[in-house]
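Structure record follows, encoded as structure tokens.
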Amino acid sequence: MLNINHFTYGWVTPLLAYLMSVLGSMLALRCMVRSRASGSHGGWLTAAAIALGGTGIWVMHFIAMLGFSVHGATIRYNVPVTLFSAAVAMGVVWLGLSIVVRRGWDSAALPVGGTITGLGVGAMHYSGMYAMKTDIALVYEPIVVALSMVIAVVASTAALWFALHVHGFLATVGAALLMGVAVCGMHYTGMFSMSAHTTAHAAHATGATAAQLLTPLIIIISMITMILLVQVGITEAEDPTLARPTHGQRASRFWPSGQNSG
């Protein structure tokens with residue numbers, strides 16, 4: 001069995017991965033506040049899916065993968081499969097958010113949406129791992145893989161609950177910190193299910209190196225995240241569920257339209 005190193009560059013990659021997961025989660029939660037405030041879910045749901053699925057999950061995964069190495073092995077990435085994994089991440093988050101937002105009256109919406117999203121996040125993770133081509137044999141421990149999927153479902157369900165209920169900025173930060181722990185926990189649990197072995201039948205690894213493929217993709221999605229961050233910052237932040245009625249609004253509760261107390 002070959003030696004696997006998940007922290008080739010020390011704590012740089014896991015800490016940066018966690019930071020991006022927290023940033024993506026926080027931005028997604030703020031987008032959901034805007035969605036509730038505007039009453040128009042389409043655009044803000046898409047923005048939240050890009051932020052959470054793209055930055056909070058996919059970028060986190062591949063930043064962590066930059067620190068992954070196997071002693072004596074060549075690692076390359078299949079470009080189409082890697083792009084597919086990004087689309088899966090954003091797509092399942094959008095689907096989960098759509099379910100819980102549009103069917104909020106249904107008590108089954110949260111567990112159903114969380115399960116679908118969690119399984120999709122797991123599919124993103126393992127499709128991203130499938131995109132990794134090496135000249136060795138990679139074997140996964142089924143029990144640990146199953147545990148990582150359970151973590152993904154629980155984390156996704158919690159994320160969707162936060163998306164529905166978090167309002168204030170400090171609460172958003174706290175929820176994003178917890179979501180970052182859950183997403184990173186799922187990733188590294190899945191990674192630790194892997195073992196590497198030499199084989200006489202492995203083909204020569206072909207594809208893009210991590211730096212060639214992942215660096216530009218991570219930069220592009222991070223730039224999109226920054227644009228969304230600016231957009232969130234310049235739009236009205238007030239959530240109508242928290243807004244207090246004005247004096248005139250309070251008065252209108254007691255006086256019919258066109259009348260006054262005088």
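Residues Arg102 and Leu45 meet the side-chain proximity criterion, which asks for heavy atoms closer than 4.5 Å. At a threshold of 4.5 Å between non-hydrogen side-chain atoms, the residues Met32 and Leu97 count as touching. Residues Ile50 and Trp94 fail the side-chain proximity criterion, which asks for heavy atoms closer than 4.5 Å. The closest side-chain heavy-atom distance from Thr209 to Tyr77 is not below 4.5 Å. A 4.5 Å side-chain heavy-atom check between Met179 and Leu29 finds at least one atom pair inside the cut-off. Here the side chains of Val139 and Met194 are not in contact, with every heavy-atom distance at 4.5 Å or above. Annotation: side chain of Asn5 is not in contact with side chain of Phe68 (no heavy-atom distance under 4.5 Å). Using a 4.5 Å heavy-atom cutoff, the side chains of Ile75 and Lys133 are not in contact.
Put simply, the side chain of Ser127 gets close to the backbone of Met124: a donor and an acceptor are under 3.5 Å apart. Counting only distance, with no hydrogens or angles, the side chain of Ser21 and the backbone of Ala17 share no donor-acceptor pair below 3.5 Å. Judged by distance alone, with hydrogens and angles left aside, the side-chain atoms of Thr8 form a donor-acceptor pair with the main-chain N or O of Gly67 at under 3.5 Å. A donor-acceptor pair is defined here as one N or O able to donate and one able to accept, closer than 3.5 Å; no such pair exists between the side chain of Thr117 and the backbone of Gly114. With hydrogens and angles disregarded, no donor-acceptor distance shorter than 3.5 Å links the side chain of Ser156 to the backbone of Val153. No donor-acceptor pair closer than 3.5 Å links the side chain of Ser25 to the backbone N or O of Gly56. Side-chain atoms of His165 come within 3.5 Å of backbone atoms of Trp161 as a donor-acceptor pair (strictly under, hydrogens ignored).
Heavy atoms only, all atoms of each residue included: Gly120 and Val92 are closest at CA-CG1, 3.6 Å. For Leu52 against Val93, the heavy-atom pair with the smallest separation is CD2-CG1, 3.9 Å. Nearest heavy-atom pair, Trp44 versus Cys31, reported as atom, atom and distance to 0.1 Å: CB-O, 3.6 Å. Pairing each heavy atom of Val145 with each of Tyr140, the nearest pair is CG2-CB, 3.9 Å. Nearest heavy-atom pair, Phe62 versus Gly128, reported as atom, atom and distance to 0.1 Å: CZ-CA, 3.9 Å. Nearest approach of Gly113 to Leu160, heavy atoms of both residues: C-CD1, 3.4 Å.
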Tell me, with the steps shown, if Thr172 and Arg30 meet side-chain hydrogen bond (donor to acceptor under 3.5 Å, both in side chains).
CA-CA 7 Å; Thr172 299; Arg30 297 311 294 169; 3.2 Å; yes
For the pair Thr55 and Met26, evaluate side-chain contact (heavy atoms from CB on, under 4.5 Å) and give the outcome as yes or no after the intermediate values.
CA-CA 10 Å; Thr55 300; Met26 184 166 61; over 6 Å; no
side-chain contact (heavy atoms from CB on, under 4.5 Å), that's the test. Do His61 and Met129 meet it? Break it down for me.
CA-CA 10 Å; His61 170 86; Met129 295 304 301; 4.1 Å; yes
Check step by step if side-chain contact (heavy atoms from CB on, under 4.5 Å) holds for Val70 and Asn3.
CA-CA 6 Å; Val70 181; Asn3 181 44; over 6 Å; no
Evaluate Ser195 against His197 for side-chain hydrogen bond (donor to acceptor under 3.5 Å, both in side chains), listing each step before the verdict.
CA-CA 7 Å; Ser195 59; His197 307 267; 3.1 Å; yes
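Taking NE2 from His125 and CD1 from Ile57, the interatomic distance works out to 12.5 Å, rounded to the nearest 0.5 Å. Taken from CE in Met132 to CG in Leu138, the straight-line distance is 5.0 Å, to the nearest 0.5 Å. One finds the SG atom of Cys184 at 12.5 Å from the CE atom of Met191 (value rounded to the nearest 0.5 Å).
Grouped with Val81 in one hydrophobic cluster are Tyr130, the linkage being side-chain heavy-atom contacts under 4.5 Å among Ile, Leu, Val, Met, Phe, Trp and Tyr residues. By the 4.5 Å side-chain criterion applied to Ile, Leu, Val, Met, Phe, Trp and Tyr, Met223 is assigned to a cluster that also includes Ile219.
The hydrophobic cluster containing Val154 does not contain Val121, counting ILVMFWY residues as joined when their side-chain heavy atoms lie under 4.5 angstrom apart, directly or transitively. With hydrophobic clusters built from ILVMFWY side chains whose heavy atoms lie under 4.5 angstrom apart, Leu147 shares a cluster with Leu119. At a threshold of 4.5 Å between side-chain heavy atoms, the hydrophobic network of Ile, Leu, Val, Met, Phe, Trp and Tyr places Val12 and Leu66 in two separate groups. Two different hydrophobic clusters hold Val150 and Met186 under the rule that ILVMFWY side chains link at heavy-atom gaps under 4.5 Å. Phe192 and Ile136 fall within the same hydrophobic cluster, where Ile, Leu, Val, Met, Phe, Trp and Tyr residues are linked whenever their side-chain heavy atoms come under 4.5 Å apart, directly or through other members.
Heavy atoms from other residues, nucleotides or ligands lying under 6.0 Å from CZ of Phe84 number 12 at most. The local environment of OH in Tyr9 is sparse, with at most 12 non-hydrogen atoms from other residues, nucleotides or ligands closer than 6.0 Å.
A donor and an acceptor atom, one from each side chain of Ser148 and Tyr126, are located under 3.5 Å apart. Between the side chains of Ser69 and His71, no donor-acceptor pair is found at a separation under 3.5 Å.
Tyr188 and Tyr18 have their aromatic ring centers separated by at least 6.0 angstrom.
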